[in-house]
Amino acid sequence: MTGLLRFDGDRATEADTEAHTADMVAQRHHLRRQLAVRAGDRVLDVGCGPGYLLSELRGDVGPTGRVCGIDISDSMLRLARERCAGTGTSATAAATAAATAAQGAVDLRTGRAESIPFPDATFDVAVAVQVYEYVEDIGRALDELFRVLRPGGRAVILDTDWDSLVWRSADRERMRDILELWEDHVAHPRLPQELGPLLRKAGFEEEPLTTLTFVDRALDPGRYSYWQVGFIEAFLAGHPGARAERTRAWSGELRELATSGQYFFSLGRYAFTLRKPPGG
């Protein structure tokens, strides 16, 4: 592995924009159904990113609840603070104040999944979206999640299995080479295949596994894969095993396929719904 992808600066801004895509909106709807947050709950978002899910969960917990988010990226936390403050989202100050009064309190902190900066049994609900595949010491991170949940608390962990990626290309060898290099952006590119036993070892009880499939047949800013092309180009620009001309040829072919109506992209994500045993 050459180095994990970091979501600071321009990458944070692009991730913020990607969160508006139809694929990501549907993902948040799915996660909220699985989390089943109730009024008054205390909720933790591990790796909260630009705060879209966090801001939606504020409405679910209501004025008596609390949502907390941690992230290692200062850029992401800045975006999350702006989003939760309602900057630019309400027509008037009065409307902003009224909306804020109906939502739970917010606590955003710098923190890592392996060392969550909250006491034992703090939260009723926790969520981690596309986080644990980046964490080297996954066992320690899961132990921390278990620790901060109250007995009987629930959590949802969503990650990608990068073996599930299907991307149309006439040059299958080049596509395979690019995607193998891209795997270096995470510590665990096939985490969903391995996660079940790790969760049980940490003490969690599992509910039925649910899946999401992103399918894009157009390459435009409203679709997830459009932004993935940019993330991959940026990551490979600093990868010692990548060649710039090969990366350009790869992305150029995708844009040509899109122009001719032949573009196809599919990716599988897996949502593990967990519970800490009442006596845990």
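Quick note: residue numbers are just sequence positions, from 1.
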message: Test of understanding: with ring-ring contact (aromatic ring centres under 6.0 Å, His included), list the residues that count as partners of F204, not counting sequence neighbours.
response: F146

message: Main chain of G104, side chain of R58: is a donor-acceptor contact present, judged purely on distance under 3.5 Å?
response: yes

task: Go through the structure and list residues passing ring-ring contact (aromatic ring centres under 6.0 Å, His included) with Y132, not counting sequence neighbours.
output: none

- request: Report the residues that fulfil side chain to side chain contact (heavy atoms under 4.5 Å, CB included) with R275, sequence neighbours left out, ordered by chain and then residue number.
  value: R154, E207

Fellow cluster residues of V106, listed by chain then number, with links counted only when side-chain atoms sit under 4.5 Å apart: L31, L35, V37, V43, L53, L54, L57, V61, V67, L77, L108, V125, V127, V129, V156, L158, L212

message: For the CZ atom on R38, are there more than 12 heavy atoms of other groups (residues, nucleotides or ligands in this structure) within a distance under 6.0 Å?
response: no

task: On the 0 to 90° scale, with breaks at 30° and 60°, tag the Y263-W167 ring pair as parallel, tilted or perpendicular.
output: perpendicular

task: With sequence neighbours excluded, tell me which residues meet side-chain hydrogen bond (donor to acceptor under 3.5 Å, both in side chains) with E245.
output: R243

message: Angle between ring planes, F235 versus H239, binned at 30° and 60°: parallel, tilted or perpendicular?
response: perpendicular

- request: Please list, chain by chain and in numerical order, all residues satisfying side-chain hydrogen bond (donor to acceptor under 3.5 Å, both in side chains) with T160, sequence neighbours excluded.
  value: Q130, R269

message: If we count only N and O atoms by modelled type, under 3.5 Å, do the side chains of E253 and S169 hold a donor and an acceptor together?
response: yes

statement: Residue set satisfying side chain to side chain contact (heavy atoms under 4.5 Å, CB included) with T211, at least two apart, ordered chain then number -> Y270

task: Answer yes when R109 and D107 have at least one side-chain N-carboxylate O distance shorter than 4.0 Å, and no when they do not.
output: yes

task: Return the set of residues passing side chain to side chain contact (heavy atoms under 4.5 Å, CB included) with A218 (not counting sequence neighbours), or none when no residue passes.
output: D220

message: Applying side-chain hydrogen bond (donor to acceptor under 3.5 Å, both in side chains), can you list everything that pairs with S115, at least two apart in sequence or on another chain?
response: none

- prompt: Salt bridge check: are E194 and K201 linked by an N-O gap of less than 4.0 Å?
  reply: no

- line: Those residues at least two apart in sequence (or on a different chain) that pass side chain to side chain contact (heavy atoms under 4.5 Å, CB included) with Q193 are D161, D163, R190

field: Derivation of the ring pair (Phe, Tyr, Trp, His ring centres under 6.0 Å) call for H188 and W162
entry: CA-CA 9 Å; H188 306 282; W162 290 98; over 10 Å; no

query: salt bridge (Lys or Arg N to Asp or Glu O under 4.0 Å) with D23: which residues, sequence neighbours excluded?
result: R223

message: If the condition is side-chain hydrogen bond (donor to acceptor under 3.5 Å, both in side chains), which residues does R176 pass it with, not counting sequence neighbours?
response: none

query: Taking D124 for the side chain and R42 for the main chain, is one N or O donor matched with an acceptor at less than 3.5 Å?
result: yes

Partner of E56 under side-chain contact (heavy atoms from CB on, under 4.5 Å), chosen from Q103, R83, R32: R32

field: N/O donor-acceptor pair under 3.5 Å between R147 side chain and I116 backbone
entry: yes

